[in-house]
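I have a structure here, written as structure tokens, and I will follow up with some questions on it.
Counting from 1, the numbers follow the sequence of the chain as shown.
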Amino acid sequence: MERDLDAVIAGLSQPWNSGVVEGHVNRIKMLKRQMFGRAGFELLRKRVLLYS
């Protein structure tokens, strides 16, 4: 933590965070895991866009 002290201080003192973005990334990764080996990119693309 001492190496990243500036980042830790910024993370605790700034009023914004990346929670919303991380939530979208988590959702897309879940969809990719569910679709693994089942279909191609087009179906994955449609599912991602459908649940946006």
Once rounded to the nearest 0.5 Å, what's the spacing between atom CG of D4 and atom CD1 of I9?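 Rounded to the nearest 0.5 Å, the CG-CD1 separation comes out at 11.0 Å.
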Nearest 0.5 Å, please: how far is CZ in R47 from NZ in K32?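 The CZ atom of R47 is 13.5 Å from NZ of K32, to the nearest 0.5 Å.
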With hydrophobic residues grouped by side-chain heavy-atom distances under 4.5 Å, do L43 and L31 end up in a single group?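 Yes, one cluster joins them.
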